[in-house]
Structures are given as structure tokens and as C-alpha cells.
Amino acid sequence: MQQFVRSITLAYNNLPRPHRVMLGSLTVITLAVAVWRPYVYSPVMGPSTSRTVPAGAQPARDLAPEASEPIDQSPADNDDDVPLADDLDEKVAGETGVHEYVVSTGDTLGSILTQYGIDMSDVSLLAQRFPQLRNLKIGQKISWTLDGGGELQRLSWEMSRRETHTYDRLDGGFKESVANQAGEWSNAMLTGTVDGSFVTSARAAGLSGPEINSVIKALQWQLDFRKLQQGDRFAVLTSREMLNGRSEQSELIGVRLRTGDKDVYAFRASDGEFYNRDGAGLAQGFMRFPTVKQFRVSSNFSPRRLNPVTGHIAPHRGVDFAMPVGTPVLAVGDGEVVESKNGSGAGNYVTIRHGRQYMTRYMHLKKLLVKPGQQVKRGDRIALSGNTGRSTGPHLHYEIWINQQAVNPLTAKLPRTEGLTGKDRLDYLAQVREAMPQLQFD
Ligand SMILES: [Zn+2]
């Protein structure tokens with residue numbers, strides 16, 4: 001399996017990196033194919049840097065495994081199945097109800113929005129009415145808000161630092177408005193020492209919420225923020241837009257963190273992603289499927305919430321693979337087991353956390369092979385599949401969560417393993433040479 005994954009990764013590394021991302025013809029049929037063909041997925045394992053929180057009053061309850069299966073549900077059992085969340089999670093989750101995404105290689109408006117379960121009819125409507133949305137570029141920021149029923153209310157597209165287009169739902173369609181940012185951008189260097197939690201220390205050093213968020217995301221694959229020591233140092237170089245003496249928005253350029261006698265660095269490239277000093281990718285790659293061989297999809301991802309009128313649509317926050325009881329279930333990426341236990345509806349299940357932004361969950365298992373707190377590697381056996389809990393036949397229910405938002409495991413952008421190449425790499429290294437000497441602890 002490892003060999004197989006390596007050869008795929010190698011193949012990806014040889015793919016060209018187009019700079020323009022075109023939104024292809026957006027017929028309902030192409031979208032339908034992209035969303036529902038179970039074994040076909042984008043060959044580009046690009047990054048996904050969205051920042052999300054489920055809209056609605058009880059995000060914690062949405063995270064519980066009981067909320068994941070579409071079978072008619074009595075109100076969720078009152079157990080404590082919510083994976084642990086701390087102030088770092090809150091930071092990474094960001095503003096309530098706002099989902100954020102940086103456009104990367106191979107993305108289209110359709111591929112971005114549908115992996116989060118947004119209705120393809122809304123995507124088609126937007127693309128037909130506003131053809132410029134077919135011309136997303138790498139590194140641009142897209143954000144959106146949903147209403148309580150999971151319906152798209154607003155889409156924002158940051159075309160550049162100077163111009164943002166916003167599309168608001170209105171009268172059965174969408175209305176566009178354009179905002180121009182007039183502030184001046186300048187660099188700021190902030191340094192601090194860890195005293196208490198990282199979030200508190202960073203705030204004391206003058207970093208804003210979004211800036212702390214960027215630092216956590218940039219360094220998530222290189223260190224565990226919960227294991228920082230008193231006295232660890234950090235230096236943050238950020239670019240801030242100032243308007244009327246206030247900082248309107250900012251963009252992290254580079255960060256250095258010294259923990260013990262180890263220095264870790266991350267710098268932002270023009271694609272909006274973070275790389276190390278040599279331009280290498282920081283994330284560990286994920287496997288697309290949690291089993292050695294691929295099994296038939298018996299139920300697809302379908303995150304739409306219960307429709308209060310018809311009462312018929314219920315969320316299915318993962319994908320079901322039909323497989324014989326006893327099939328080895330594998331961790332899709334390196335991470336830490338945060339749950340391995342029995343939850344009534346979910347049966348025996350395992351939750352793994354990968355970095356700060358990613359979480360995967362495996363349900364209806366027969367036998368658990370890992371314990372909470374255990375570190376696992378990609379491809380490790382974590383359980384044997386089964387038919388436990390609220391299940392109508394032997395299958396594995398598998399979920400991927402990005403920033404506490406369930407995404408479609410068959411189409412989700414997974415963390416990238418490949419680094420920068422060619423001109424992108426040279427540009428990046430020039431940037432690093434300029435930024436690195438500035439990252440001094442005073
Ligand atoms: Zn399921």
C-alpha cells in the first residue's frame with residue numbers, strides 16, 4: 001500500500017501546475033458526474049485551507065458521531081461523544097458560520113463548493129449569471145456562509161487585495177456587489193514568548209485572531225501546539241492593510257518558532273500555501289480510501305440537513321463502503337487517535353486527528369485495534385470492519401472533517417505532500433531569502 005501511495009505521489013509530482021484555473025462547462029450533468037461517480041476523484045491532492053464552522057446553534061452536537069448517519073433519528077443520545085476541542089480549535093475554526101478556502105491547482109467553483117455539500121444548482125446559477133466566476137486563480141480566497149438548512153446565502157471572492165466580489169442570495173437568484181479596498185499594506189514583525197497557551201501568548205504579542213489562525217495552520221504539520229514549553233519563542237512576519245489607523249486585514253508572510261533547541265519555519269507561497277525553507281510541502285499525504293482495496297459505495301456523502309417541511313432529507317456526513325465483516329481498516333494519514341470506543345448508533349468507532357485542521361472517523365467496527373492517545377502512521381491497521389451500532393448490513397462508514405466541517409471523502413482536497421517546483425520554487429526561495437533574516441527574536 002505504501003508503495004502504491006508513493007507511486008501515486010510521484011505521479012502527482014510530475015503533473016504541471018497550471019496557473020489559471022478555469023471553471024469548465026457547468027452543466028448539471030458534469031457536476032453530477034463530478035459529485036456522484038464514486039470511484040473517480042481529482043488526481044490533484046492539493047491543499048485545502050478552508051476555515052469553517054457548522055452554521056447553527058449547536059456545532060458541538062453536529063460533531064457527534066450520532067449525527068452522522070441518515071437513518072431516522074430520535075434526538076441524539078445524550079452522551080459525550082464530541083471529540084475534544086480546545087482554544088486552538090476555536091481559533092482554527094474562526095468566525096462562526098463563515099467557510100473560507102484558498103483556490104489551489106485544479107480547483108473550480110463547482111469542485112470547491114460541492115465537496116462541502118453546497119447544492120450544484122446554486123453553483124450553476126452563479127456560474128451562468130456571473131461568468132467571471134469561471135476564472136478563479138490560484139491563491140485567491142473564497143468564503144461563504146450557509147443558512148441553518150445548509151443553503152448557500154453569500155459567496156465572497158477576493159480577486160485581489162484590492163477587490164472583493166460578493167454574491168448574496170436574493171429573489172431566487174444572486175446579486176453581485178463589488179468592494180474596493182483602499183488601505184495601505186505594510187509589513188509588521190511581531191515576536192513573543194510562550195507563557196501559558198500559545199493562543200494567549202500570541203495575543204499578548206499583538207497578533208490578531210486571524211493572524212494566530214494563520215500561524216497555527218502554517219505550522220500544524222511541524223509541531224503540536226499543545227506540547228509547546230514555557231519560554232519557547234516565536235517570530236511572525238505579517239503584511240497588514242492599514243486604513244484610518246486600523247488594521248483591516250493581514251496576510252502571514254513567514255513564521256519561526258523555537259521550541260527547546262529546535263527551530264521550525266514556514267513561509268507562504270503565492271498559491272496561499274505554506275512550505276518549509278526549501279520549498280518542500282509540509283503536510284503528510286492522505287490515502288483516499290481507508291482500506292487496501294476499494295469497496296463499493298453503498299451510500300454517498302449527503303450533508304443536507306433535515307428538511308423541516310418534508311422531514312425527508314437527513315444528513316449523511318460520510319460515505320459507506322460495503323465490505324465483509326473483519327476487513328482491516330487503515331488510518332488514511334499520520335495522526336493521533338482521539339477516540340476509540342463504543343457509541344450506541346455509531347457502534348464501535350475510531351476518530352483520528354491529523355494536524356490541527358483534519359479529522360477522520362471510522363464507524364460500525366467489529367474490533368478496535370488502537371487506543372486514545374496513540375500515534376498512528378498512514379496505512380496502520382486501526383480496526384476490523386463490522387456491522388455494529390445502527391447499521392443495516394456489514395459496512396464501513398468513513399468521514400473526513402476539515403475545520404470541524406464534514407466534507408465529501410471521495411472528492412475532498414486532501415493535504416498536499418508535494419513541494420514547489422520550477423519557477424514557483426525559485427520565486428519562493430527568493431522570498432524566503434528576504435524574509436528569513438527578519439525573523440529574529442529580539
Ligand atoms: Zn454511513
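When a ligand or atom number is given, it counts from 1 through the structure's own listing order. Note that the coordinates shown come from a computational prediction; the quantities given were computed from them, not determined experimentally.
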Open item on the list: Under a 3.5 Å cutoff, is there a donor and acceptor pairing between the side chains of Gln220 and Gln357?
Closed with: yes
Open item on the list: Run the side chain to side chain contact (heavy atoms under 4.5 Å, CB included) test against Pro372 and tell me which residues pass, sequence neighbours left out.
Closed with: Ser340
- [ ] Please find out if the Zn ion (ligand 1) and some N, O or S atom of His364 are separated by less than 2.8 Å.
- [x] no
Open item on the list: So, of the N/O/S atoms that Asp320 has, which is the nearest one to the Zn ion (ligand 1)?
Closed with: OD1
Open item on the list: Run the side-chain hydrogen bond (donor to acceptor under 3.5 Å, both in side chains) test against Gln222 and tell me which residues pass, sequence neighbours left out.
Closed with: none
Open item on the list: Among the N, O or S atoms of His316, which one sits nearest to the Zn ion (ligand 1)?
Closed with: NE2
Task: Residue pair Leu414, Ile400: steps toward the side-chain contact (heavy atoms from CB on, under 4.5 Å) verdict - done: CA-CA 9 Å; Leu414 301 175; Ile400 302 183; 3.8 Å; yes
Open item on the list: Restricting to N, O or S, what is the name of the atom of His397 that lies nearest the Zn ion (ligand 1)?
Closed with: ND1
